[in-house]
Number of protein chains: 2
Amino acid sequence: MNLKELSELLNLSQTTVSRALNGFPEVSERTRERVQKAAKQNNYAPNKAARGLATGQALSIGHVISTTNQNEMVNPVFGDFVAGVGEVYSKHGYKMLLSIVPPGEDEYQVYREFKAQSTVDAVVVQSPSVDDGRIEFLNKLGIPFIVHGRASECKVPYAWLDVNNRSAFVRATNFLHDLGHRRIALLNGREHMDFAHRRQQGYESSLQSHGITIDPSIMFSSDMTESYGYQRTTELLKSDNPPTAILTASIIVALGARRAVQQAGLTVGQDISIVTHDDRLSYFHNTADVPMFTATKSSVREAGQRLAELLIQMIANPNMEPPTELLEVELTIGKSTGPAPTN
Amino acid sequence: MNLKELSELLNLSQTTVSRALNGFPEVSERTRERVQKAAKQNNYAPNKAARGLATGQALSIGHVISTTNQNEMVNPVFGDFVAGVGEVYSKHGYKMLLSIVPPGEDEYQVYREFKAQSTVDAVVVQSPSVDDGRIEFLNKLGIPFIVHGRASECKVPYAWLDVNNRSAFVRATNFLHDLGHRRIALLNGREHMDFAHRRQQGYESSLQSHGITIDPSIMFSSDMTESYGYQRTTELLKSDNPPTAILTASIIVALGARRAVQQAGLTVGQDISIVTHDDRLSYFHNTADVPMFTATKSSVREAGQRLAELLIQMIANPNMEPPTELLEVELTIGKSTGPAPTN
DNA sequence: TGAGTTTTCCAAAGCGCTTTGGAAAATATT
DNA sequence: AATATTTTCCAAAGCGCTTTGGAAAACTCA
């Protein structure tokens with residue numbers, strides 16, 4: 001069923017039917033209802049390509065995921081983020097267009113194609129690095145975009161939504177300091193990732209404000225896997241001057257750290273405290289009455305929802321200033337922390 | 001830059017330019033090269049909506065994710081599966097269209113819209129349940145589709161690609177039996193999920209063939225979270241007749257089980273053996289020289305690649321029989337299993 | 001050289017929608 | 001009752017591409 005057929009069925013012109021369905025005021029309520037009813041009955045919806053061609057809109061938003069680094073791209077946060085974003089898209093009639101860039105191929109070429117083909121109305125930039133080149137590139141290319149996170153070294157204005165990673169790790173480190181911990185290890189994400197960079201800043205700034213010397217030998221950065229948490233923690237525990245607390249960048253790393261602690265015959269929350277950042281992934285609950293881990297919490301899913309709303313505003317209003325939004329985390333006390341052991 | 005402008009630039013008709021770019025034989029090599037070069041230089045690519053309208057193809061493939069059950073939908077496997085699928089799509093010029101269905105909304109309505117709007121050329125059905133209604137629905141609707149997994153109770157032919165979950169769990173259970181284990185617990189996924197159903201069949205069939213009575217009190221099914229693994233295992237260990245081995249449906253559950261074992265002061269691979277299914281998620285390596293877990297392995301990413309190739313064949317060849325493909329798993333021995341304790 | 005064949009190219013229609021500019025019908029105003 | 005205004009509707013153009021049906025140009029063969 002297409003517009004022509006529907007309008008013939010109703011004995012109306014295509015114009016009137018189109019206007020009735022798109023909410024134009026020039027059509028009477030009576031005919032509008034008649035048209036809407038018929039459209040529903042016949043399962044009519046305007047052909048997406050035709051409508052896009054006529055309006056110049058793609059009604060799609062692009063997400064480009066580069067798989068060059070096998071671990072970072074398919075990160076565990078991805079699913080929840082996408083779920084949040086996608087919910088909002090669908091409420092506004094947008095489709096999400098996911099483009100996976102196979103290893104060895106050029107991510108920028110995908111954006112160029114988006115532009116040339118008008119495949120998307122806007123783009124979401126995920127997992128920015130400290131000096132992410134995509135921001136400048138997209139600005140030049142002229143595709144509206146919003147960044148999930150920020151790029152510290154990028155000085156031009158651009159739209160972003162980020163968690164306050166710095167203050168999160170300041171608070172986490174302060175919290176451990178208040179419990180008497182003076183030797184606190186950091187298991188961070190990859191250091192060129194902007195979020196990891198800011199978390200490290202927060203960690204260092206807290207230590208410095210308490211007069212504690214920063215010790216690079218207990219600071220690590222890597223892909224956030226379980227075995228990373230396990231191995232680094234095992235090494236730390238065996239070292240001459242082991243930490244009394246560990247700060248990790250994700251629940252998955254924290255699980256590995258906890259395993260190492262337990263395997264060493266120590267108790268988490270007593271011998272060793274662990275604080276982690278928690279993205280509230282749907283398959284890693286950390287929400288018992290007293291949660292498993294003390295954590296800086298921030299729902300990546302809600303971040304996705306909010307980000308999508310900002311982006312849709314940007315599309316509707318192309319001349320607005322690039323919006324920015326900084327989400328604060330919640331520090332929740334769980335079972336994984338306690339006073340520093342005195343010995 | 002559009003086709004008209006490009007053709008004027010080249011002093012050719014739009015037809016010739018279009019044909020040159022689309023590889024038609026009626027155009028000389030010399031003009032073809034000239035056209036291709038100019039297209040590249042001017043970053044020309046055919047407008048997606050216009051091309052779609054003219055050809056009747058959407059050049060997109062739909063993935064519909066319902067978030068009604070918060071945990072299942074955003075499952076940890078999703079990211080890797082999508083990465084595999086997406087790599088292949090992009091090689092063939094297809095885009096992946098992801099539609100998230102918010103809680104409370106109707107997944108079928110999304111498919112109806114896909115059909116009415118011609119948004120996609122085909123659809124991928126993920127996480128089928130035992131009696132999944134989407135298969136019949138899509139068949140009636142007339143959208144080409146392929147299922148990742150199967151629906152045991154569905155008797156009509158349809159295209160699918162699945163892991164041999166049954167034989168995987170037969171082999172895993174046999175393996176434990178060979179090690180002397182007679183009391184083997186099962187921590188399965190949700191039972192209405194087809195993969196869980198088949199795994200349970202495999203588990204039961206192996207036990208029966210060895211004359212072991214099936215004991216429902218040590219068989220569980222749930223969303224595959226870490227805390228599920230932890231809690232059920234803790235309960236099992238405290239019970240009157242604890243198992244000597246545990247079979248889990250995912251690495252994440254296995255991590256929880258291991259935590260419970262360790263917390264009970266027992267050693268995995270000695271006091272308690274664990275075998276898990278391993279989807280080879282990119283952020284959960286289980287691939288040391290001697291892997292952490294004994295596991296039935298099957299890369300969900302490769303499954304995605306293969307599935308995408310089958311689907312693209314189906315689109316190119318609408319009258320072909322629905323292809324089906326069953327992938328066998330690899331059983332790799334890790335550190336988490338050993339002979340049943342004798343006491 | 002002239003007819004037949006192949007190569008190379010083009011004008012124009014059509015995909016299904018939105019939207020402009022304007023006409024006809026209904027209602028309001030004098 | 002005659003005119004002005006609003007409401008309701010429509011014909012047709014245009015979005016950028018593919019593709020049909022054919023024409024012109026170049027080449028082959030007798």
Side-chain angles (χ1 to χ4, degrees), chain A residues 1-36 38-39 42-60 93 95 113-121 316, chain B residues 1-36 38-39 42-60 93-95 113-121 315-316:
Chain A
M1 167 82 38
N2 61 22
L3 183 60
K4 193 180 169 198
E5 290 163 3
L6 184 64
S7 63
E8 280 166 4
L9 193 84
L10 287 161
N11 265 324
L12 291 173
S13 77
Q14 298 188 33
T15 314
T16 306
V17 174
S18 172
R19 294 202 147 152
L21 292 173
N22 290 328
F24 280 66
E26 302 97 322
V27 63
S28 73
E29 269 319 301
R30 198 147 41 92
T31 40
R32 190 192 304 284
E33 275 167 27
R34 200 162 69 93
V35 170
Q36 280 172 341
N42 296 281
N43 197 29
Y44 168 80
N47 178 290
K48 197 193 175 218
R51 161 179 263 204
L53 188 54
T55 60
Q57 292 218 301
L59 298 175
S60 300
K95 308 287 178 205
E113 269 184 35
F114 276 174
K115 177 72 178 183
Q117 303 181 160
S118 320
T119 334
V120 297
D121 299 317
Chain B
M1 166 81 39
N2 61 22
L3 182 60
K4 192 179 171 201
E5 290 163 4
L6 184 65
S7 64
E8 280 167 2
L9 193 84
L10 287 161
N11 266 323
L12 292 173
S13 77
Q14 298 188 33
T15 315
T16 305
V17 175
S18 173
R19 295 201 144 150
L21 292 173
N22 290 328
F24 280 66
E26 302 98 320
V27 63
S28 74
E29 268 321 300
R30 197 147 42 91
T31 39
R32 188 190 307 283
E33 274 167 28
R34 200 162 69 96
V35 170
Q36 281 172 342
N42 296 282
N43 197 30
Y44 169 81
N47 178 290
K48 198 195 174 215
R51 162 179 262 203
L53 189 54
T55 59
Q57 292 218 302
L59 299 175
S60 300
Y94 280 90
K95 309 288 177 202
E113 268 184 34
F114 277 174
K115 177 73 178 182
Q117 302 180 160
S118 316
T119 332
V120 297
D121 299 317
I315 296 174

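Atoms considered below: every heavy atom in the structure, side chains included; atoms not considered: hydrogens, waters and symmetry mates. Chain A is the first sequence line, chain B the second, and so forth, proteins listed ahead of strands; every chain is numbered from 1. This one's a predicted model, so the numbers in the text were calculated from it and none came from an experiment.
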Map A45(A) and E26(A) onto DNA chain C by nearest heavy atom, then report which one ends up closer to the 5' terminus. A45(A)

Is S18(A) touching bases, backbone alone, or none of the nucleic acid, heavy atoms closer than 4.0 Å? base

Which residue lies toward the 5' end of DNA chain C, S13(B) or T55(A), if each is placed at its nearest nucleotide? S13(B)

Within the structure shown, what part of the strands sits under 4.0 Å from T15(A) by heavy-atom distance: base, sugar-phosphate, or nothing? base

Mind checking whether T119(A) and E113(A) have side chains closer than 4.5 Å, heavy atoms only? no

Between L21(B) and A39(B), the two heavy atoms sitting closest are CD2-CB, 4.0 Å

Does T31(B) place a side-chain N or O at less than 4.0 Å from the phosphate oxygens OP1/OP2 of dC9(C)? yes

In whole angstroms, how far is the C1' atom of dT20(C) from the CZ atom of F24(A)? 11 Å

If only side-chain N and O atoms of T16(B) are considered, is one of them under 4.0 Å from the OP1 or OP2 phosphate oxygen of dC9(C)? no

Report yes if at least one side-chain N or O of N22(A) is closer than 4.0 Å to OP1 or OP2 of dT18(C); otherwise report no. yes

Minimum heavy-atom distance P46(A)-Q117(B), with the two atoms named: O-CG, 3.4 Å

Closest to the side chain of A50(B), out of dG16(C), dC17(D), dT8(C), is dC17(D)

Just compare dC17(C), dC10(D), dT18(D) and give me whichever is closest to any side-chain atom of Y44(A). dC17(C)

Between dT18(C) atom C1' and R19(A) atom CZ, what is the distance in whole Å? 9 Å

On the nucleotide dC15(D), are OP1 or OP2 found under 4.0 Å from the side-chain N or O atoms that N2(B) carries? no

Heavy-atom closest pair (R32(B) atom, F24(B) atom, distance to 0.1 Å) is NH2-O, 2.6 Å

